Undergrad: 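One structure coming up, written as structure tokens, with questions to follow.
This structure is a prediction, so every number in the text was calculated from the model and none was measured.
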Amino acid sequence: MKSNFKADLSKEKQLTPLLDIYYQKHLKHYTFERVSHIKKQLQGIDLILKDKQSGKQFYVDEKAQLDYINESLPTFAFELFYQKAGVQKQGWLFDIAKKTQFYALITSIYSDEKNVFTSCNITFVNREKLIFQLNKIGLSRKQLEQIITENKGVHGKLVLEELNAKTEGYLFFSSQNKAEKPANLILKLDYLRKTGVAKKLV
């Protein structure tokens with residue numbers, strides 16, 4: 001079991017120029033600033049978008065499917081809990097210490113034979129709307145925590161009554177193959193768009 005944190009970090013840096021091209025092209029009403037300050041990054045801010053007209057700022061956390069290069073997945077994993085030194089910790093979705101307002105979900109990441117990233121999809125998710133939607137269907141932080149506690153030691157997929165596993169989502173436990181043993185809520189990108197919590201940028 002290993003953590004790929006450092007490898008992911010270097011891949012993220014290589015991905016940045018491509019993302020910036022997409023932001024410049026598709027976010028014409030906004031200026032954007034990359035955040036390099038580690039404290040802000042730990043608060044879930046990779047990017048600050050600024051509305052050119054109102055001057056209003058939005059904090060964006062970029063989440064990239066770097067384990068699936070040259071693949072197109074219809075889902076995205078939202079981290080609910082993980083383990084550090086045997087202690088269960090709050091994942092980034094419900095973490096109140098995070099100041100994230102939007103997630104930029106980066107999927108369908110393709111690279112050429114020189115390992116240069118050539119294209120990807122970006123879906124913006126409104127974090128507040130997503131949490132509200134989950135609460136509405138009966139999947140609040142507290143309820144999800146209870147389900148996870150009741151299924152300790154489970155590895156793999158867990159179907160939830162509140163979600164259609166084929167078209168909407170399910171829980172997934174990586175208790176055997178990842179050092180952090182995360183419990184993730186796997187949601188279909190189509191479902192996120194249909195419920196109005198997400199919009200595809202590119």
Side-chain angles (χ1 to χ4, degrees), residues 1-5 8 39-46 58-68 71 73-107 122-200:
M1 288 194 287
K2 64 185 196 304
S3 173
N4 296 323
F5 184 71
D8 281 357
K39 191 183 172 192
K40 276 191 176 173
Q41 286 179 338
L42 289 170
Q43 290 172 332
I45 308 167
D46 290 317
F58 302 96
Y59 296 144
V60 180
D61 190 359
E62 292 174 322
K63 300 287 181 190
Q65 282 180 344
L66 291 166
D67 287 345
Y68 303 97
E71 286 183 61
L73 299 186
T75 55
F76 207 92
F78 292 82
E79 186 186 71
L80 301 176
F81 292 97
Y82 67 96
Q83 285 191 19
K84 194 174 181 181
V87 178
Q88 184 164 284
K89 302 271 190 182
Q90 186 72 62
W92 45 260
L93 179 59
F94 290 110
D95 187 349
I96 55 167
K98 304 286 187 209
K99 294 188 175 179
T100 311
Q101 291 168 289
F102 288 88
Y103 297 112
L105 307 184
I106 300 138
T107 59
I122 304 171
T123 303
F124 271 87
V125 174
N126 184 311
R127 184 189 184 197
E128 195 179 313
K129 281 186 181 178
L130 173 58
I131 291 170
F132 180 79
Q133 170 67 17
L134 292 172
N135 277 314
K136 196 169 84 173
I137 62 168
L139 290 175
S140 66
R141 183 190 65 79
K142 207 172 178 180
Q143 284 154 320
L144 283 161
E145 191 170 358
Q146 193 179 334
I147 294 165
I148 288 160
T149 303
E150 286 167 4
N151 290 277
K152 265 205 165 83
V154 168
H155 177 75
K157 182 177 178 177
L158 181 74
V159 174
L160 298 164
E161 280 176 34
E162 297 81 0
L163 290 168
N164 180 315
K166 281 186 179 173
T167 60
E168 298 173 346
Y170 49 88
L171 269 182
F172 197 90
F173 297 87
S174 300
S175 54
Q176 291 169 15
N177 61 341
K178 293 201 174 176
E180 297 89 356
K181 298 184 178 182
N184 292 326
L185 183 62
I186 310 294
L187 294 173
K188 299 267 182 182
L189 295 169
D190 273 353
Y191 171 69
L192 293 170
R193 289 192 287 268
K194 277 176 191 165
T195 51
V197 305
K199 277 184 183 168
K200 191 176 177 184

Undergrad: Test your reading of the model: is there a side-chain donor-acceptor pair from Asn164 to the backbone of Thr167, 3.5 Å cut-off?
TA: yes

Undergrad: Report yes if the side chains of Thr107 and Leu73 come closer than 4.5 Å at any heavy-atom pair, otherwise no.
TA: no

Undergrad: Just by distance, do the side chain of Gln101 and the backbone of Tyr59 share a donor-acceptor pair under 3.5 Å?
TA: yes

Undergrad: Looking only at heavy atoms, which two atoms of Glu62 and Ile106 are closest? And how far apart?
TA: CB-CD1, 3.9 Å

Undergrad: Distance from Asp67 atom CG to Lys178 atom NZ, nearest 0.5 Å?
TA: 5.0 Å

Undergrad: Taking the side chain as C-beta and beyond, is there a heavy-atom pair between Leu171 and Leu80 under 4.5 Å?
TA: yes

Undergrad: Using side-chain heavy atoms (C-beta onward) and a distance below 4.5 Å, is Lys142 in contact with Gln146?
TA: no

Undergrad: Under 30°, 30 to 60°, or over 60°: which ring-plane class applies to Trp92 and Phe78, parallel, tilted or perpendicular?
TA: tilted

Undergrad: Can you tell me how far apart NZ (Lys181) and CD (Gln88) are? Round to the nearest 0.5 Å.
TA: 11.5 Å

Undergrad: Would you say NZ of Lys129 has more than 12 non-hydrogen atoms from neighbouring residues, nucleotides or ligands within 6.0 angstrom?
TA: no

Undergrad: A side-chain contact here means heavy atoms from C-beta on lying under 4.5 Å apart; do Asn135 and Ser140 qualify?
TA: yes

Undergrad: Rounded to the nearest 0.5 Å, what separates atom CD1 in Ile148 from atom CD in Glu145?
TA: 7.5 Å

Undergrad: Has Thr100 got a side-chain atom pairing as donor or acceptor with Gly44's backbone, closer than 3.5 angstrom?
TA: yes

Undergrad: Are Phe124 and Val60 close enough that some pair of their side-chain heavy atoms sits under 4.5 Å apart?
TA: yes

Undergrad: Strictly distance-based, threshold 3.5 Å: is any side-chain N or O of Gln65 a donor or acceptor partner for the main-chain N or O of Thr75?
TA: yes

Undergrad: Taking all non-hydrogen atoms of both residues into account, name the closest pair between Ala165 and Lys157 and its distance.
TA: CB-CE, 4.3 Å

Undergrad: Does atom CD of Glu150 have more than 12 heavy-atom neighbours from other groups under 6.0 Å away?
TA: yes

Undergrad: For the backbone of Leu93 and the side chain of Lys98, can you confirm whether one donor and one acceptor N or O come within less than 3.5 Å of each other?
TA: no

Undergrad: Any cation-pi pair here, Lys63 with Tyr103, using under 6.0 Å and within 45°?
TA: no

Undergrad: Side chains of Glu180 and Lys89: closer than 4.5 Å at any heavy-atom pair?
TA: no

Undergrad: So Thr123 and Leu192, do their side chains get closer than 4.5 Å, heavy atoms only?
TA: no

Undergrad: To the nearest 0.5 Å, what is the distance between NZ (Lys200) and CG (Leu105)?
TA: 12.0 Å

Undergrad: Considering non-hydrogen atoms only, spot the tightest contact between Leu139 and Glu162 and give its length.
TA: CD2-OE1, 3.6 Å

Undergrad: Work out which heavy atom in Leu134 is nearest to a heavy atom in Phe94; give both atom names and the distance.
TA: CD1-CZ, 4.2 Å

Undergrad: Report yes if the side chains of Leu163 and Tyr170 come closer than 4.5 Å at any heavy-atom pair, otherwise no.
TA: no

Undergrad: Please round to the nearest 0.5 Å and tell me the distance separating atom CD of Gln83 and atom OG of Ser174.
TA: 11.5 Å

Undergrad: Tell me, with the steps shown, if Val125 and Phe76 meet side chain to side chain contact (heavy atoms under 4.5 Å, CB included).
TA: CA-CA 11 Å; Val125 174; Phe76 207 92; over 6 Å; no

Undergrad: Is the number of heavy atoms from other residues, nucleotides or ligands within 6.0 Å of CD (Glu128) greater than 12?
TA: no

Undergrad: I need the Leu185 CG to Phe172 CZ distance, nearest 0.5 Å.
TA: 13.0 Å

